[in-house]
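Heads up: the structure comes next, in structure tokens.
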Amino acid sequence: MWSLHTPVGTVTLNRAVLLVLFVIALLWPVIGVGDFLLFLGALFLAFGLYGASFDLLYGYTGLLSFGHSVFFGVGAYAATFALMDYGQGAFVGLLVAFLATILIAVGLGLIAVRVKSHGFVIVTILIALIAQRLAETYSGITGGTDGIIVSVPDIWIPLLGEYSVFDPTFRYYFTLGVVLVSLFLMYRLVISPVGLVFRMIRENEQRARMLGYNVTAYKLIAFVASGAFAGIAGALATYINGFINASRFSLIVAGDPVIYTMLGGRSTIVGAVIGAVLIEGAGNYVSQVTDAYQLIVGLLLLVMVVVEPEGLIGLWNRLQRRVKRRVRDSTPTPEVTTDD
Amino acid sequence: MLSVDSIDTYYGQSHILHDVSFEAGTNEVVALLGRNGAGKTTTMRSVMGLTPPRTGTIRFDGTDITGDAPSSIANRGIGYVPQDRRMFPEMTVEENLRMGLGKAPFDPDRMERLFERFPRVGERLDQRAGTLSGGEQQMVAMARALMRDPQLLLLDEPTEGLMPSLIPEIAEITQAIATAGYTIVIVEQNVDLVLDIADRIYLLQNGRIGETVTPEALEQNDAILEEYLGV
Amino acid sequence: MTETVLETVGLTKEFDGFVAVNDVDLELTQGEFRGLIGPNGAGKTTVFNLISGLAEPSSGSVRFNGKEITGLDPHEITSRGMALSFQITSIFPELTVRENVLGALHSGEALSNLLSRYGTDETKLDRVDGLLAQVDLDVHVEKQAGELSHGDRKVLELALALANDPDLLLLDEPTAGLSASETDTIKRLLAELRGTVTIILIEHDVDLVMELVERITVLHNGQVLAEGTPDQIQADERVRKIYFRRDH
Amino acid sequence: MPTGEQILIAVLNGVTWGLIIALIALGLNLIFGLLKVVNLAHGSLYMLGAVGGWFVIGATGSFLVAAVVAPLAVGFLGMVIERVALRPIEEDIPTTLIATFALLIVLDQIGLLVFGPGTRSVSAPIQGSVTLAGITYPLYRLSVAVVSLGLMGALYLFLHRTRYGMWMRGVRQDLEMASALGIPRSQVYVVTFGLGAGLAALAGVLLSPIVGVNHLMGLDILAVAFIVVIVGGLGSLKGVLVASLVYALVENIGTLYITTVDARVLTLSLMIAFVIVRPDGLFEEGLG
């Protein structure tokens with residue numbers, strides 16, 4: 001038996017830590033947190049999925065997208081319209097969000113992946129900015145900044161019966177279920193041969209092309225898959241909030257998954273979820289204390305980008321390695337910076 | 001003037017120069033000879049600070065310049081004529097010349113005097129450098145390096161890639177500069193030109209200095225020519 | 001019967017009025033080992049780019065395995081059985097050595113295996129590990145490619161090119177920047193390949209080419225100056241002259 | 001059908017807005033052309049200019065002083081940003097981009113902290129209007145257009161007639177060769193970023209009497225600036241000017257025939273269509 005050196009990306013999280021996080025997520029409603037924390041838990045999981053979908057594109061394929069808000073927003077609105085205008089259920093809403101974002105992603109992807117190297121990110125910014133303007137302009141459809149109140153019909157779960165999304169515990173588990181399934185699917189994608197091609201593109205696009213891969217097609221696949229999961233995240237967030245408005249399309253929202261991923265650690269899928277929970281969770285408390293929370297987040301991101309680009313998971317691994325080395329060597333080692 | 005003391009230079013992980021040492025005294029012309037890939041251009045780039053050596057020291061005029069930024073090395077008075085000429089293609093010839101000054105002040109008289117040596121450059125001051133022929137670009141590159149009246153001139157393959165008919169002209173200019181009293185380090189494939197102007201020749205092979213010879217000795221020694229240059 | 005693997009007819013490339021490659025005809029038969037030499041600026045790398053589709057010829061055509069490939073995208077050309085090894089090592093630094101070769105081997109069929117986990121197909125793994133053993137990289141399989149020495153990277157570069165059993169191997173200076181012992185390793189690998197695959201070896205190191213190949217094409221100023229066996233080329237006065245530029 | 005007067009006003013509005021957009025976008029493109037930094041914080045620097053100007057006007061009562069002090073201060077801030085935040089990660093476009101996004105958040109929040117929410121108005125230093133071919137037009141708008149045009153001309157002269165401008169063009173064309181000839185590239189980078197930031201801030205001050213001052217005004221202008229930069233061609237100053245004028249003219253003339261909403265969508269669609277057809281923009285290369 002052999003193992004791949006890096007089953008997922010370049011930095012990985014210890015299985016034990018992952019298990020602990022999973023158990024916490026699973027038991028969150030059981031340990032007696034109040035309704036508000038259940039609401040926040042569900043919302044942050046949806047944000048985490050949004051971050052993870054971005055990581056699929058940036059962390060694995062190396063394509064930095066500043067236009068993910070478009071998928072988040074399109075998913076949210078597609079689900080909203082399915083529910084409000086066509087009287088569909090929550091699952092159909094998710095499916096509609098998934099399919100609508102795929103459609104949009106194929107269209108936008110055909111523009112974005114054709115552009116050379118750094119052109120990609122610039123086109124995605126352009127897409128985000130244009131979407132923002134369109135969403136504000138068509139306030140009749142999007143509800144503008146005032147938004148639309150979304151009422152989600154009761155959800156029927158096979159074998160278990162009908163539940164209301166206003167039940168905080170149900171809402172939490174519903175979100176957790178959708179997020180876990182989505183994360184699992186993304187994980188399967190990145191460990192499939194296609195995922196290997198994604199990483200080859202990230203590492204050396206030209207070489208991947210010269211080995212016979214249609215790099216443009218693979219980039220499009222990554223873009224569309226990533227967008228589709230962002231769309232699901234957008235729909236979930238809307239179900240949880242029961243509200244949607246045009247600011248879903250703002251550039252700031254486009255930057256959110258970037259922050260989650262950079263903080264949590266890229267090329268890990270789960271890092272973005274951790275990042276989202278930490279940032280949004282801390283924000284929820286700190287913003288009650290100080291108005292300057294966004295300022296702190298911005299500064300944190302800046303420091304992260306300039307000093308520790310591998311994120312918290314990278315920092316954790318680095319600390320772990322250092323501790324192990326100390327234990328092994330017994331003599332204290334001088335300050336060593338590992339260069340990976 | 002220039003003293004390079006056992007430098008080792010890498011491109012990424014690739015170890016290009018091994019323990020290379022050589023010197024150029026004031027008003028001396030020294031040449032680096034060797035086959036393609038022997039490390040001549042890398043040596044020049046190491047001196048300029050473009051690919052700084054990992055170990056070893058480079059002294060210019062008694063000062064240690066190892067690891068300095070290329071711009072501060074150039075502003076100490078080193079003129080650099082790179083391989084492939086490296087014009088600023090969208091600038092005019094005059095602007096290309098002025099770029100050669102770095103932080104040094106502009107001296108119109110000096111530029112006029114340069115045109116005596118490079119008349120074709122003076123005729124094309126307003127032309128965009130990208131539209132010049134290879135030979136003309138080479139002349140601009142040389143004039144550009146001379147704008148600041150350098151204490152040391154680094155010439156990397158001045159006749160390379162030129163049309164055969166142009167080579168004698170460039171060779172002649174190179175000879176004229178050499179006899180004008182500049183301290184020069186030259187890399188050149190044209191063995192005859194080097195034999196004519198160099199005071200001393202360093203032979204490179206696989207990134208190492210193999211031998212140091214005088215032009216006279218090299219001319220007589222076919223074995224060395226065969227070994228280092230494959231002639 | 002020997003079949004023609006690669007044929008170029010009147011291959012020409014102009015850049016802004018400068019003719020980098022001028023009317024080059026090449027013909028390679030099955031299993032041939034061809035050297036392509038010439039001084040700096042002779043157009044060797046441009047020929048490499050024109051054959052592999054990295055650049056499009058201004059005129060002329062390239063036929064590969066009997067089919068016209070002029071103007072196709074590089075990935076279409078390489079997926080037809082041409083493999084390339086670059087002068088500047090081009091590998092996937094953060095993937096392991098095994099993943100590098102696995103990725104090269106997957107070429108084209110990754111999409112049909114969307115539901116599988118890469119690296120679980122035993123036949124593929126055996127082939128990857130066999131290839132890595134053949135090039136003496138088997139001790140490094142789990143290492144990140146970026147951690148390899150420069151010489152081993154060049155070997156990996158070669159292994160990437162060999163992964164898909166190519167019909168034609170296009171090598172651009174596989175020994176550039178290598179030490180003498182590293183060069184020997186590559187030389188040995190190339191000697192082992194002789195006859196099993198059609199190879200074009202682009203090199204500035206004339207001695208290396210003379211030792212390895214059956215036929216040599218000499219380029220000068222973008223044109224074919226001479227073609228023949230190593231002995232014929234060595235004896236050719238014109239070749240001596242352009243290479244060494246000594247007039248007396 | 002719109003009258004000739006209406007068309008004339010629409011054209012005037014289009015040209016004025018086009019010139020102002022161009023002034024903001026020029027700094028963005030100058031920075032991209034030289035440093036290869038896609039500066040998402042550019043709009044925030046523009047906002048800081050307006051906010052800073054508002055404070056200076058409040059303190060001194062002089063618009064002119066504000067138009068000098070605020071751009072200088074923001075320009076200096078730009079230099080610090082380049083040196084501290086961008087220098088360590090330069091040459092990695094995605095990373096610098098994320099860093100400038102972080103800066104966008106930081107600067108916008110600073111704007112909020114010092115200025116507070118809501119929009120405040122600034123009175124124009126030049127009052128009154130002019131009558132041109134039978135129509136009246138606010139004099140200040142016209143002046144801003146003229147000043148924008150003058151600043152662009154000055155920038156052109158700076159790039160082509162001064163030593164520093166020449167260095168900037170040289171660094172852009174061949175960074176390595178420029179350094180090897182003695183051009184101090186880190187200094188050139190710092191000055192370029194400072195210049196771009198200062199131009200954005202100046203635009204902020206100039207525009208504040210027309211659009212008011214608001215801590216979120218940067219995000220609004222960023223969209224337009226980016227669109228014209230991409231349509232005009234990354235790094236091309238000429239392209240930015242042309243794209244800005246076309247953008248503003250189409251939108252303004254469009255409103256005569258269709259609703260404002262539709263005109264805006266039409267303009268955006270045209271720009272998108274253009275990017276699809278020519279992803280590299282109007283002019284691909286060339287600083288100046």
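Below, chain A is the first sequence line, B the second, and so on; all start at residue 1.
In this structure, CE in A:Met210 is found 5.5 Å from OG1 in C:Thr78, a value given to the nearest 0.5 Å. Rounding to the nearest 0.5 Å places CG of C:Asp73 at 7.5 Å from OG1 of A:Thr216.
For the set A:Met200, A:Gln206, A:Arg209, the count of heavy-atom pairs under 4.5 angstrom toward chain C peaks at A:Met200. No other option in C:Pro166, C:Ala145, C:Pro93 has as many heavy-atom pairs under 4.5 Å with chain A as C:Pro93.
The residues C:Glu99 and A:Arg199 are annotated as salt-bridged, a charged nitrogen and a carboxylate oxygen being separated by less than 4.0 angstrom.
Residues C:Asn164 and A:Leu211 fail the side-chain proximity criterion, which asks for heavy atoms closer than 4.5 Å. Between C:Arg117 and A:Ser192, the closest side-chain pair of non-hydrogen atoms is not below 4.5 Å.
Partners of C:Glu7 under the side-chain hydrogen bond (donor to acceptor under 3.5 Å, both in side chains) rule, at least two apart in sequence or in another chain, do not exist in this structure.
Of all heavy-atom pairs between A:Asn204 and C:Ser90, the closest is ND2-OG, 2.8 Å.
Between the A:Tyr213 side chain and the C:Gly103 main chain, a donor and an acceptor come within less than 3.5 Å of each other.
The environment of C:Glu76 atom CD is dense: over 12 non-hydrogen atoms of other residues, nucleotides or ligands sit within 6.0 angstrom.
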As a quick check of understanding, evaluate side-chain contact (heavy atoms from CB on, under 4.5 Å) for A:Arg207 and C:Ile91, giving each step before the final call.
CA-CA 7 Å; A:Arg207 186 54 163 156; C:Ile91 54 172; 5.8 Å; no

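Under the ring pair (Phe, Tyr, Trp, His ring centres under 6.0 Å) criterion, the residue pairs touching residues 71-101 of chain C are C:Phe48-C:Phe86, with sequence neighbours excluded.
C:Leu160 touches chain A through backbone and side chain together, each having a heavy atom under 4.5 Å away.
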